[in-house]
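Counting begins at 1 with the first residue of the sequence. Computed from a predicted structure; not experimentally measured.
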Amino acid sequence: MPKPVVMPSIGVEGLTFQPQREDLLAPETSGRLGGVQMGWPRWSLAMNLANLEFPVADEWIAFYRSRRGAMRMFLGYDLSRPFPAAHPKGFRNMLTVAGGPFMGAAGAWAQSVDAKGDAILTLEGLPSGLKLGRGDYIGFKWDSADADEGDADRRFLVAVTTGGQADAAGVISVVVEPSVHAVVPADAVAHLDNPMCLMKLMDDTKMPRIIISHAEAGGVISAVQVTLP
């Protein structure tokens, strides 16, 4: 099975990357207003393309055509936050508490739910002092049943809503949204470097108009997350 391609990262002038929820309001006779979750939140991506020189426009157009509408998946992510905000250039020269170089992957992870219903994600095997703040992403990657070893063709993504700092043992606990779906296996790798999720293009995606000198601004990339075992 071919590995999903990563979406292009150039020529974007603005984006929105937020969970898309399917909830219903549930009015009660007492006057209270509750809510019912109808489906798992899915990351939704909307990007506006700027004026593009032809090589950049060609890259986007080739990506768009190769996805065949919503037939083929790709790896999408928030271009504005490839690494935690406290470590914007990555983890160069950072060491785990065991003394090895830290490349972005946690040694282990676990999730619990507190009394308020918030998902608490705990990561181990990190550098002491590593910080995760609001808006940072944590990705999960693993191989599907029919993938080659190391393909990491399955992905999932959560965002930090309450941050923290790794203690002297290299352990950190943060609150995340959405919670980690049960489809993510226990042996999936939790990582902080370029976290992504599987996505498909939506019908309102459109490519820019081509004129003689360049591709005009106005192209739109619209996509939604796909969650697979």
Side-chain angles (χ1 to χ4, degrees), residues 1-20 40-84 88-90 103-105 135-144 146-159 178 181 183-184 188-189 191-229:
M1 175 180 291
K3 297 171 62 175
V5 302
V6 179
M7 71 179 190
S9 60
I10 53 179
V12 177
E13 65 178 4
L15 64 86
T16 301
F17 191 82
Q18 295 294 338
Q20 175 181 300
W40 203 266
R42 298 179 298 172
W43 290 102
S44 178
L45 170 67
M47 296 192 301
N48 297 105
L49 301 182
N51 287 327
L52 305 177
E53 299 295 330
F54 283 127
V56 179
D58 290 345
E59 183 175 352
W60 274 111
I61 292 170
F63 167 79
Y64 170 71
R65 291 171 175 170
S66 68
R67 295 309 87 203
R68 298 182 180 178
M71 291 179 62
R72 290 178 172 174
M73 296 180 294
F74 65 95
L75 294 175
Y77 62 105
D78 185 345
L79 296 175
S80 70
R81 194 71 68 92
F83 295 99
K89 296 184 179 180
M103 307 301 290
D136 290 338
Y137 295 98
I138 302 169
F140 296 83
K141 54 187 177 182
W142 68 98
D143 297 339
S144 65
D146 53 356
D148 293 330
E149 183 176 358
D151 274 355
D153 62 335
R154 293 292 183 262
R155 304 292 182 105
F156 194 77
L157 187 64
V158 299
H181 196 288
V183 75
V184 180
V189 175
H191 65 105
L192 308 176
D193 56 314
N194 297 307
M196 303 179 183
C197 63
L198 292 170
M199 307 194 87
K200 287 189 174 184
L201 293 176
M202 302 292 285
D203 289 342
D204 50 345
T205 296
K206 64 178 182 179
M207 290 293 97
R209 188 173 75 103
I210 303 297
I211 59 177
I212 297 299
S213 60
H214 64 278
E216 286 186 325
V220 175
I221 302 297
S222 177
V224 69
Q225 180 185 8
V226 180
T227 301
L228 296 174

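In summary, of the residues considered (Asn51, Val220, Leu52, Asn48), a side chain to side chain contact (heavy atoms under 4.5 Å, CB included) with Pro208 occurs for Leu52 alone.
Counting non-hydrogen atoms of other residues, nucleotides and ligands closer than 6.0 Å to CD of Glu53 gives a total of 12 or fewer.
Residues that satisfy the salt bridge (Lys or Arg N to Asp or Glu O under 4.0 Å) test with Arg42, not counting sequence neighbours, are absent from this structure. For the side chain to side chain contact (heavy atoms under 4.5 Å, CB included) test, residues two or more places apart in sequence or in another chain that qualify with Ala152 are Lys141, Asp143, Arg155. Residues meeting the side chain to side chain contact (heavy atoms under 4.5 Å, CB included) test with Pro229, sequence neighbours left out: Val183. Residues passing the side chain to side chain contact (heavy atoms under 4.5 Å, CB included) test with Pro82, sequence neighbours excluded: Asn194.
Residues Met7 and Phe74 share a closest heavy-atom pair of CB-CD1, 3.8 Å. Shown here for Ser144 and Asp153, the closest heavy-atom pair between the two residues is OG-OD2, 2.6 Å. The shortest non-hydrogen separation linking Leu157 to Pro195 is CD1-CB, 3.3 Å. Counting all heavy atoms, side chain and backbone alike, Leu228 lies closest to Trp142 at O-CZ2, 3.5 Å. Closest approach of Pro84 to Leu192, counting heavy atoms only: CD-O, 3.7 Å.
Between Thr227 and Trp40 there is no side-chain heavy-atom pair separated by less than 4.5 Å. Between Val5 and Leu75, every side-chain heavy-atom pair lies at or beyond the 4.5 Å cut-off. Two residues are said to be in side-chain contact when any heavy atoms from C-beta on lie closer than 4.5 Å; His191 and Ile138 fail this criterion.
Applying the salt bridge (charged side-chain N to carboxylate O under 4.0 Å, His left out) rule to pairs touching residues 196-221 yields Arg209-Glu216, sequence neighbours excluded. Each side-chain hydrogen bond (donor to acceptor under 3.5 Å, both in side chains) pair with one or both residues in residues 59-79, not counting sequence neighbours, appears once here: Asp78-Ser80, Asp78-Tyr137.
Atom CZ of Phe83 sits about 6.0 Å away from atom CG of Asp193, to the nearest 0.5 Å. The CG atom of Leu198 sits 8.0 Å away from atom CD of Gln225, with the distance rounded to the nearest 0.5 Å.
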From CA spacing to verdict: side chain to side chain contact (heavy atoms under 4.5 Å, CB included), Met207, Ile221: CA-CA 8 Å; Met207 290 293 97; Ile221 302 297; 3.5 Å; yes

Walk me through it: do Thr16 and Leu45 pass the test side chain to side chain contact (heavy atoms under 4.5 Å, CB included)? CA-CA 6 Å; Thr16 301; Leu45 170 67; over 6 Å; no

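Side chain of Trp43 to main chain of Gln20: no donor-acceptor pair is present (N/O by atom type, distance under 3.5 Å, no hydrogens or angles). In this structure, Thr205 contributes its side chain and Ser222 its backbone to a donor-acceptor pair below 3.5 Å.
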